[in-house]
Structure formats: structure tokens, C-alpha cells
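Inspection log for the structure reproduced underneath, given as C-alpha cells.
Numbering of residues begins at 1 and proceeds along the displayed sequence. The structure presented is a predicted model; accordingly, all values stated were derived computationally and were not measured.
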Amino acid sequence: MAEKLILPTEVKVCATCSYWDGERHVDSEMKLVVVSEECKGQCLVQEMTKPGLHDVRQECSCIWEDLEPDAPADKDKDA
């Protein structure tokens with residue numbers, strides 16, 4: 001059985017990117033991502049398989065995006 005890793009959502013690896021489609025568990029309250037040590041998934045930007053722990057800081061074609069949801073729009077702003 002592969003070991004599980006717990007990562008803060010702001011760590012810039014594929015598993016913490018909203019464009020990475022791999023097996024992970026996201027705890028939005030604690031802002032943590034849980035993945036297996038050997039997990040792989042599809043990068044929806046580069047259209048290729050990437051390991052979840054791949055460090056994206058040196059990737060030129062990467063558009064890493066935090067898993068944190070966007071803030072809700074202020075409905076009264078235009079009123």
C-alpha cells in the first residue's frame with residue numbers, strides 16, 4: 001500500500017493544482033490535499049500525465065492554479 005502525504009494547498013506541485021486531474025482528497029476547511037506517494041494524473045493544461053508530487057515552479061508551460069475556490073461575487077456591488 002502506498003503511503004499517503006498531506007500537503008498544504010499552496011505548495012506548488014501538480015496535486016495541489018486545480019488543472020490536475022488525479023486521485024486526491026481535498027480538505028477545504030483545513031486547506032490540505034491528501035495524495036498517495038506514487039499518484040499520477042492528467043494535467044489538463046499540458047495534456048500529459050504528471051506525477052502528483054511534480055514541482056511546477058520550474059515549468060515554463062505550467063498555469064498552476066490554487067485549489068482555493070474563487071471568492072463569491074458581491075451581488076450588491078452593481079445595485
Side-chain angles (χ1 to χ4, degrees):
M1 177 183 256
E3 292 199 28
K4 299 285 183 179
L5 299 173
I6 301 170
L7 306 165
T9 57
E10 63 270 2
V11 173
K12 291 193 174 187
V13 295
C14 290
T16 60
C17 178
S18 64
Y19 294 115
W20 185 78
D21 187 21
E23 191 173 322
R24 61 183 165 196
H25 170 73
V26 180
D27 184 330
S28 56
E29 186 176 313
M30 297 295 291
K31 298 185 178 180
L32 298 172
V33 176
V34 180
V35 294
S36 68
E37 189 174 24
E38 299 172 2
C39 66
K40 292 186 179 180
Q42 184 75 16
C43 174
L44 302 176
V45 173
Q46 298 178 5
E47 298 180 342
M48 58 189 328
T49 302
K50 296 278 190 168
L53 300 178
H54 178 75
D55 184 351
V56 301
R57 293 176 293 175
Q58 304 300 318
E59 291 261 347
C60 296
S61 59
C62 180
I63 308 175
W64 186 86
E65 180 178 86
D66 196 341
L67 287 169
E68 191 70 27
D70 293 337
D74 186 3
K75 294 179 183 178
D76 298 328
K77 189 175 185 180
D78 294 329

task = Could you tell me whether Glu59 and Lys50 make a salt bridge, using a distance below 4.0 angstrom between a side-chain N and a carboxylate O?
result =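 Salt bridge present between Glu59 and Lys50.
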
Linking I/L/V/M/F/W/Y whenever their side-chain heavy atoms sit closer than 4.5 Å, directly or via other members, would [X] and [Y] fall into one cluster?
X	Y	value
Leu67	Leu32	no
Val13	Leu5	yes
Tyr19	Leu7	no

request  = I would like to know whether Val34 and Asp27 meet side-chain contact (heavy atoms from CB on, under 4.5 Å); could you show each step before the answer?
outcome  = CA-CA 8 Å; Val34 180; Asp27 184 330; over 6 Å; no

request  = Using modelled atom types only, decide if a donor and an acceptor are shared between the side chain of Arg24 and the backbone of Ala15 within a distance under 3.5 Å.
outcome  =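 Yes: the side chain of Arg24 pairs with the backbone of Ala15.
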
message = For Leu44, is there any backbone N or O sitting under 3.5 Å from a side-chain donor or acceptor partner on Trp20?
response =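 Flag not set: sc Trp20 to bb Leu44 has no pair under 3.5 Å.
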
Measure the spacing between [atom1] of [X] and [atom2] of [Y] and express it to the nearest 0.5 Å.
X	Y	atom1	atom2	result
His54	Cys43	NE2	SG	8.5 Å
Thr49	Lys40	OG1	NZ	8.0 Å
Lys12	Cys17	NZ	SG	10.0 Å
Ser36	Glu3	OG	CD	10.5 Å

key: Note, Leu53 side chain near Val35 side chain (heavy atom, < 4.5 Å)   =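 With C-beta onward as the side chain, the pair touches.
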
inquiry  = What I'd like to find out is whether the side chain of Cys14 reaches to under 4.5 Å of the side chain of Val56, using heavy atoms alone.
reply    =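 Yes; the side chains approach each other to less than 4.5 Å.
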
task = Taking all heavy atoms of Val11 and all of Trp64, pick out the closest pair and write down the distance.
result =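 Looking at all heavy atoms of both residues, the shortest contact is O-CZ2, 3.7 Å.
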
Greater than 12 external heavy atoms within 6.0 Å of [X]'s [atom1]:
X	atom1	result
Glu37	CD	yes
Ile6	CD1	no
Glu10	CD	yes

